[in-house]
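For reference, the structure discussed in these notes is given below.
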Amino acid sequence: MNKLLLVLFFALLSCNHKQPIEDTRDYTATHKEALTFCQENKFNEDFYFLIDMTIHSGKNRFFVYDFKTKSFTHQNLVTHGTCDVFEDNPEKYKVAKFSNTPDSHCSMLGKYKIGKRDYSSWGIRVKYWLHGLETTNSNAVKRVVVLHSWSAVPSTEIYPRYAPLSWGCPAVSDAFMQELDAQLATALKPVLLWIVN
């Protein structure tokens with residue numbers, strides 16, 4: 001009986017252990033540049049967040065990359081901005097458009113420092129301020145483009161359907177935000193979030 005309980009215990013442990021996620025696209029150069037940036041700027045060197053806006057919004061395109069294991073440990077859906085304030089954007093669900101212009105509701109490319117944890121009126125009531133580090137995203141704080149969750153964002157892929165649209169924030173599901181929040185709590189240095197296209 002004791003042996004059976006022991007076997008069941010270890011089987012349960014192995015089921016709950018997260019396996020590295022297969023990296024099907026070649027992000028080698030991106031990961032290398034991210035690590036160099038983190039080393040040179042005294043950022044967290046354990047992991048960083050990568051959002052690839054070339055991927056369909058109904059598929060996982062928000063990744064957590066572990067520099068030590070050289071693998072993705074988490075992935076999920078993330079929104080992009082409507083980008084339809086100053087011009088019509090009939091393709092807004094299909095294609096992310098980018099602008100640093102205030103009030104544009106567009107997504108912004110580039111590297112960000114994930115800043116202070118704060119209260120959000122969305123999702124699990126947690127947000128992280130994003131500080132744009134490039135000319136493409138320097139208005140992030142002014143635009144209040146933050147990392148937060150939203151109950152309308154699913155926790156699993158919904159392709160060929162699309163994720164909902166935001167006003168430029170990278171919004172994730174409530175469940176995924178809980179995972180990100182827990183991971184950010186372990187970081188002793190600023191964490192890099194990088195949005196690419």
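The chain is numbered in sequence order, starting from 1. Please read these numbers as outputs of a predicted model, since none were measured by experiment.
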Specify the closest pair of heavy atoms between [X] and [Y], including all atoms of both residues, with the distance to one decimal.
X	Y	answer
L165	T82	CB-CG2, 3.5 Å
P170	I51	CB-CD1, 3.7 Å
L77	T156	CD1-O, 3.3 Å

Exercise. For the side chain of S107 and the backbone of G81, is there at least one donor-acceptor N/O pair under 3.5 Å apart?
Worked result: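 Side chain of S107 to backbone of G81: a pair is present.
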Exercise. Counting distance only, does the side-chain N/O of T101 pair as donor-acceptor with the main-chain N or O of S104 below 3.5 Å?
Worked result: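 Side chain of T101 to backbone of S104, a donor-acceptor pair under 3.5 Å: no, none is there.
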Exercise. Taking the hydrophobic residues Ile, Leu, Val, Met, Phe, Trp and Tyr, and joining any pair whose side-chain heavy atoms are under 4.5 Å apart, which ones share a cluster with Y119?
Worked result: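 Hydrophobic cluster check, Y119: no partners found.
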Problem set entry | Side-chain cluster (under 4.5 Å, hydrophobic types only) that W167 belongs to, other residues |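 Taking Ile, Leu, Val, Met, Phe, Trp and Tyr as members, W167 stands alone, with no cluster partners.
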Donor-acceptor pairs under 3.5 Å, side chain of residues 146-154 to any protein atom, not counting sequence neighbours: which ones?
{"from": "S149", "atom 1": "OG", "to": "I124", "atom 2": "N", "distance (Å)": "2.9"}
{"from": "S149", "atom 1": "OG", "to": "D174", "atom 2": "OD1", "distance (Å)": "2.9"}

Donor-acceptor contacts under 3.5 Å from residues 37-47 side chains, at least two apart:
{"from": "N41", "atom 1": "ND2", "to": "F37", "atom 2": "O", "distance (Å)": "2.8"}
{"from": "N44", "atom 1": "ND2", "to": "F47", "atom 2": "O", "distance (Å)": "2.8"}
{"from": "D46", "atom 1": "OD1", "to": "K68", "atom 2": "NZ", "distance (Å)": "2.3"}

Problem set entry | No-hydrogen, no-angle side-chain donor-acceptor test under 3.5 Å, S155 and N76 |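 There is no such pair (donor and acceptor under 3.5 Å, judged by atom type) between the side chains of S155 and N76.
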For this session: Determine whether F63 and I55 make a side-chain contact, defined as any pair of heavy atoms from C-beta on separated by less than 4.5 Å.
Result: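 Yes - at least one pair of side-chain heavy atoms lies under 4.5 Å apart.
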Exercise. With a 4.5 Å limit on heavy-atom distance, are the side chains of L184 and R117 in contact?
Worked result: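 L184 vs R117: side chains apart.
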Exercise. Do we get K111 above W194's six-membered ring, with its NZ or CZ under 6.0 Å from the centre and within 45° of the axis?
Worked result: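 Relative to the ring axis of W194, which defines the angle, K111 lies inside both limits.
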For this session: Could you note down all residue pairs passing salt bridge (charged side-chain N to carboxylate O under 4.0 Å, His left out) where residues 120-131 supplies at least one of them, sequence neighbours left out?
Result: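 Non-adjacent pairs meeting salt bridge (charged side-chain N to carboxylate O under 4.0 Å, His left out): zero.
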Problem set entry | R61 and D52 ion-paired at < 4.0 Å |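 Looking at D52 together with R61, the answer is no, because their closest N to O distance does not fall below 4.0 Å.
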Problem set entry | Under-4.0 Å salt bridge between D84 and K97 |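 Salt bridge between D84 and K97, a charged N being under 4.0 Å from a carboxylate O: no.
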Exercise. Looking at residues at least two apart in the chain, or sitting in another chain, which of them share a ring pair (Phe, Tyr, Trp, His ring centres under 6.0 Å) with F67?
Worked result: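 So F67 forms a ring pair (Phe, Tyr, Trp, His ring centres under 6.0 Å) with Y48, Y65.
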Problem set entry | Option from T136, I195, N100 for which side chain to side chain contact (heavy atoms under 4.5 Å, CB included) with M108 holds |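 Only match with M108 under side chain to side chain contact (heavy atoms under 4.5 Å, CB included): N100.
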Exercise. Are the aromatic ring centres of H56 and Y162 under 6.0 angstrom apart?
Worked result: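 Here the rings of Y162 and H56 have centres that are less than 6.0 Å from each other.
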Problem set entry | Centroid separation H31 to F72 less than 6.0 Å |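 Yes.
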